> 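I have a structure here, written as C-alpha coordinates, and I will follow up with some questions on it.
This structure is a prediction, so every number in the text was calculated from the model and none was measured. The residues of the chain are indexed from 1 along the displayed sequence. The basis for the numbers below is simple: all heavy atoms, side chains too, and nothing from hydrogens, waters or symmetry mates.
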Amino acid sequence: MSAANVQKLCESTREKLKSVIEKMELFLNEHALPQLVTEKDEETLHFYRGFLSDLRHLLVFSEMSYEKLGLALRRATFDEVFAQKALYNVYHLGVNNFFYPKNESYSEDGRYAYTGQDAIRFRKKPVRPARDIIMEITKVYEELRDDLTYYENDYLTEKRMQNQV
(Lines give C-alpha, C1' and ligand atoms only; values in the text may rest on other atoms or scores of the structure.)
Protein backbone atom coordinates (compact mmCIF):
# COMPACT_ATOMS: atom_id res chain seq x y z
CA MET A 1 0.00 0.00 0.00
CA SER A 2 1.48 3.34 -1.00
CA ALA A 3 1.95 6.22 1.42
CA ALA A 4 -0.65 8.25 -0.50
CA ASN A 5 -3.20 5.44 -0.10
CA VAL A 6 -2.40 5.08 3.60
CA GLN A 7 -2.83 8.82 4.05
CA LYS A 8 -6.23 8.79 2.29
CA LEU A 9 -7.29 5.82 4.40
CA CYS A 10 -6.25 7.71 7.54
CA GLU A 11 -8.33 10.70 6.47
CA SER A 12 -11.47 8.70 5.68
CA THR A 13 -11.11 6.57 8.81
CA ARG A 14 -10.72 9.66 10.97
CA GLU A 15 -13.89 11.20 9.50
CA LYS A 16 -15.85 8.02 10.14
CA LEU A 17 -14.58 7.84 13.71
CA LYS A 18 -15.57 11.47 14.25
CA SER A 19 -19.17 10.71 13.33
CA VAL A 20 -19.49 7.69 15.66
CA ILE A 21 -17.72 9.51 18.50
CA GLU A 22 -20.24 12.36 18.29
CA LYS A 23 -23.18 9.93 18.34
CA MET A 24 -21.81 7.90 21.26
CA GLU A 25 -20.97 11.02 23.29
CA LEU A 26 -24.44 12.42 22.76
CA PHE A 27 -26.06 9.14 23.81
CA LEU A 28 -23.85 8.68 26.88
CA ASN A 29 -24.34 12.31 27.96
CA GLU A 30 -28.11 11.99 27.71
CA HIS A 31 -28.67 8.44 29.04
CA ALA A 32 -27.78 6.91 32.37
CA LEU A 33 -28.63 3.56 33.93
CA PRO A 34 -31.86 4.76 35.64
CA GLN A 35 -33.21 6.05 32.30
CA LEU A 36 -32.53 2.78 30.48
CA VAL A 37 -33.70 0.27 33.09
CA THR A 38 -37.46 0.00 32.67
CA GLU A 39 -37.80 -3.40 34.34
CA LYS A 40 -36.41 -3.51 37.86
CA ASP A 41 -35.04 -7.06 37.71
CA GLU A 42 -31.41 -8.08 38.18
CA GLU A 43 -31.02 -9.43 34.62
CA THR A 44 -32.11 -6.12 33.05
CA LEU A 45 -29.84 -4.16 35.37
CA HIS A 46 -26.91 -6.43 34.49
CA PHE A 47 -27.68 -6.09 30.75
CA TYR A 48 -27.62 -2.28 30.79
CA ARG A 49 -24.56 -2.05 33.03
CA GLY A 50 -22.68 -4.16 30.50
CA PHE A 51 -24.15 -2.25 27.59
CA LEU A 52 -23.09 1.14 28.97
CA SER A 53 -19.66 -0.18 29.95
CA ASP A 54 -19.04 -1.54 26.45
CA LEU A 55 -20.20 1.71 24.86
CA ARG A 56 -17.91 3.78 27.12
CA HIS A 57 -14.93 1.55 26.26
CA LEU A 58 -15.74 1.79 22.56
CA LEU A 59 -15.91 5.57 22.85
CA VAL A 60 -12.49 5.73 24.53
CA PHE A 61 -10.89 3.41 21.96
CA SER A 62 -12.43 5.42 19.13
CA GLU A 63 -11.28 8.74 20.61
CA MET A 64 -7.72 7.45 21.08
CA SER A 65 -7.64 6.23 17.48
CA TYR A 66 -9.10 9.51 16.22
CA GLU A 67 -6.33 11.43 18.02
CA LYS A 68 -3.57 9.15 16.72
CA LEU A 69 -4.82 9.45 13.16
CA GLY A 70 -4.95 13.22 13.57
CA LEU A 71 -1.38 13.20 14.82
CA ALA A 72 -0.30 11.10 11.82
CA LEU A 73 -2.00 13.50 9.42
CA ARG A 74 -0.65 16.69 11.07
CA ARG A 75 3.01 15.72 10.97
CA ALA A 76 5.12 17.75 8.60
CA THR A 77 6.32 14.57 6.92
CA PHE A 78 3.77 11.76 6.73
CA ASP A 79 5.07 8.83 8.78
CA GLU A 80 3.65 5.78 7.04
CA VAL A 81 4.79 3.35 9.74
CA PHE A 82 3.07 5.37 12.49
CA ALA A 83 -0.07 5.72 10.36
CA GLN A 84 -0.20 1.99 9.58
CA LYS A 85 0.06 1.18 13.28
CA ALA A 86 -2.74 3.67 14.04
CA LEU A 87 -4.95 2.04 11.41
CA TYR A 88 -4.11 -1.39 12.81
CA ASN A 89 -5.26 -0.18 16.24
CA VAL A 90 -8.51 1.20 14.81
CA TYR A 91 -9.28 -2.26 13.51
CA HIS A 92 -8.23 -4.23 16.57
CA LEU A 93 -9.39 -1.86 19.30
CA GLY A 94 -12.35 -0.13 17.68
CA VAL A 95 -13.89 -2.42 15.08
CA ASN A 96 -13.30 -5.63 17.06
CA ASN A 97 -14.64 -4.08 20.26
CA PHE A 98 -17.76 -2.97 18.44
CA PHE A 99 -18.50 -6.36 16.90
CA TYR A 100 -17.34 -8.39 19.92
CA PRO A 101 -18.33 -6.38 23.00
CA LYS A 102 -16.95 -7.72 26.28
CA ASN A 103 -20.33 -7.90 28.00
CA GLU A 104 -22.07 -9.38 24.95
CA SER A 105 -25.19 -7.27 25.25
CA TYR A 106 -25.44 -7.62 21.47
CA SER A 107 -23.72 -9.58 18.74
CA GLU A 108 -23.56 -9.73 14.98
CA ASP A 109 -25.46 -12.56 13.33
CA GLY A 110 -23.74 -13.10 9.99
CA ARG A 111 -26.77 -14.91 8.57
CA TYR A 112 -28.53 -11.56 8.30
CA ALA A 113 -25.59 -9.54 6.98
CA TYR A 114 -26.53 -9.92 3.30
CA THR A 115 -30.31 -10.03 3.57
CA GLY A 116 -30.88 -6.33 4.07
CA GLN A 117 -32.03 -7.05 7.63
CA ASP A 118 -30.23 -5.81 10.71
CA ALA A 119 -27.36 -8.19 11.52
CA ILE A 120 -27.13 -6.99 15.13
CA ARG A 121 -29.01 -9.14 17.63
CA PHE A 122 -29.44 -8.05 21.24
CA ARG A 123 -29.21 -10.52 24.12
CA LYS A 124 -32.20 -8.81 25.70
CA LYS A 125 -34.68 -6.50 24.00
CA PRO A 126 -33.32 -2.98 24.67
CA VAL A 127 -35.21 0.26 25.08
CA ARG A 128 -35.48 2.26 21.87
CA PRO A 129 -32.61 4.75 22.52
CA ALA A 130 -30.15 1.91 23.30
CA ARG A 131 -31.16 0.02 20.18
CA ASP A 132 -30.99 3.18 18.07
CA ILE A 133 -27.44 4.13 19.06
CA ILE A 134 -26.11 0.69 18.14
CA MET A 135 -27.99 0.63 14.86
CA GLU A 136 -26.78 4.17 14.01
CA ILE A 137 -23.12 3.34 14.47
CA THR A 138 -23.24 -0.21 13.05
CA LYS A 139 -23.05 0.98 9.45
CA VAL A 140 -19.94 3.07 10.14
CA TYR A 141 -18.18 0.21 11.92
CA GLU A 142 -19.12 -2.11 9.05
CA GLU A 143 -17.51 0.37 6.63
CA LEU A 144 -14.42 0.60 8.84
CA ARG A 145 -14.18 -3.18 8.97
CA ASP A 146 -14.36 -3.34 5.17
CA ASP A 147 -11.88 -0.48 4.71
CA LEU A 148 -9.39 -1.88 7.22
CA THR A 149 -9.66 -5.60 6.51
CA TYR A 150 -5.97 -5.56 5.50
CA TYR A 151 -5.10 -4.85 9.13
CA GLU A 152 -6.88 -7.95 10.39
CA ASN A 153 -4.11 -10.39 9.38
CA ASP A 154 -2.18 -9.27 6.29
CA TYR A 155 -0.49 -6.30 7.98
CA LEU A 156 1.06 -8.45 10.73
CA THR A 157 2.03 -11.17 8.28
CA GLU A 158 3.81 -8.59 6.12
CA LYS A 159 5.60 -7.14 9.18
CA ARG A 160 6.77 -10.57 10.28
CA MET A 161 8.07 -11.36 6.80
CA GLN A 162 9.99 -8.06 6.69
CA ASN A 163 11.65 -8.91 9.99
CA GLN A 164 12.71 -12.35 8.76
CA VAL A 165 14.58 -10.99 5.74
> When rounded to the nearest 0.5 angstrom, what is the spacing between CD in Glu39 and OG1 in Thr44?
4.0 Å

> Counting only N and O atoms by type, is there a donor-acceptor contact under 3.5 Å from the side chain of Arg145 to the main-chain atoms of Val95?
no

> Identify the heavy atoms of Ile21 and Tyr66 that sit nearest to each other, and give their distance.
CD1-CB, 3.7 Å

> I need the Ile120 CD1 to Thr138 OG1 distance, nearest 0.5 Å.
4.0 Å

> Parallel, tilted or perpendicular: which describes the rings of Phe122 and Phe51, with under 30° parallel and over 60° perpendicular?
tilted

> Under 6.0 Å from the NZ atom of Lys16, do we count more than 12 heavy atoms belonging to anything else shown?
yes

> Check step by step if side-chain contact (heavy atoms from CB on, under 4.5 Å) holds for Lys68 and Lys85.
CA-CA 9 Å; Lys68 284 209 171 161; Lys85 187 165 181 164; over 6 Å; no

> Check whether Met135 and Leu17 end up in the same hydrophobic cluster, where Ile, Leu, Val, Met, Phe, Trp and Tyr are linked by side-chain heavy atoms less than 4.5 Å apart.
yes

> Around His31, counting heavy atoms of other residues, nucleotides and ligands shown, do more than 12 lie under 6.0 Å from its NE2?
yes

> Quick check on Arg75: does its CZ atom have over 12 non-hydrogen neighbours (other residues, nucleotides or ligands) under 6.0 Å away?
yes

> Run Arg56 and Ser53 through side-chain contact (heavy atoms from CB on, under 4.5 Å) and show every step you take.
CA-CA 5 Å; Arg56 286 190 297 266; Ser53 175; 4.1 Å; yes

> Please report the closest heavy-atom contact between Gly50 and Asn103, naming both atoms and the distance.
O-ND2, 3.3 Å

> Looking only at non-hydrogen atoms, find the nearest pair between Gln35 and Glu30 and report the distance.
OE1-O, 3.1 Å

> Specify the closest pair of heavy atoms between Leu73 and Cys10, including all atoms of both residues, with the distance to one decimal.
CD2-CB, 3.9 Å

> Looking at Glu15 and Ser12, would you say the former's side chain and the latter's main chain have a donor-acceptor pair under 3.5 Å?
no

> Hey, could you give me the CD1/CG distance between Ile133 and Leu58, rounded to the nearest 0.5 Å?
9.5 Å

> Where do Phe78 and Ala72 come nearest, in terms of heavy atoms and distance?
CD1-O, 3.6 Å

> Working to the nearest 0.5 Å, report the span between CG of Leu71 and CZ of Arg14.
9.5 Å

> Go through Glu142 and Phe99 one step at a time and tell me if the side-chain contact (heavy atoms from CB on, under 4.5 Å) criterion holds.
CA-CA 9 Å; Glu142 286 173 345; Phe99 287 105; 3.7 Å; yes

> Is Tyr150 linked to Leu93 within one hydrophobic cluster, defined over Ile, Leu, Val, Met, Phe, Trp and Tyr using a side-chain heavy-atom separation of less than 4.5 Å?
no

> Going from NZ on Lys124 to CD on Glu43, what distance comes out if it is rounded to the nearest 0.5 angstrom?
4.5 Å

> Find the distance between CG (Leu148) and NE2 (His92) and round it off to the nearest 0.5 Å.
9.5 Å

> Counting only heavy atoms not in Glu11 (residues, nucleotides, ligands), do more than 12 fall under 6.0 Å from its CD?
yes

> In terms of hydrophobic clusters joined by side-chain contacts under 4.5 Å, are Leu45 and Phe47 together?
yes

> Does the pair Thr38 and Tyr48 meet the rule for a side-chain contact (heavy atoms from CB on, under 4.5 Å), with working shown?
CA-CA 10 Å; Thr38 55; Tyr48 284 110; 5.7 Å; no

> May I ask you to test the Val20-Leu144 pair for a side-chain heavy-atom distance under 4.5 Å?
no

> Just say parallel, tilted or perpendicular for the rings of Phe98 and Tyr141, cut-offs at 30° and 60°.
parallel

> Given Thr13 and Tyr91, is the side chain to side chain donor-acceptor pair (under 3.5 Å) satisfied, shown in steps?
CA-CA 10 Å; Thr13 299; Tyr91 187 89; over 6 Å; no

> Do Gln84 and Tyr151 touch side chain to side chain, with heavy atoms closer than 4.5 Å?
yes

> Establish whether Val127 and Ile134 are linked, either directly or via other cluster members, by ILVMFWY side-chain heavy-atom contacts under 4.5 Å.
yes

> Same cluster or not: Leu33 versus Met24, using hydrophobic residues (I, L, V, M, F, W, Y) connected whenever any side-chain heavy atoms lie under 4.5 Å apart?
yes

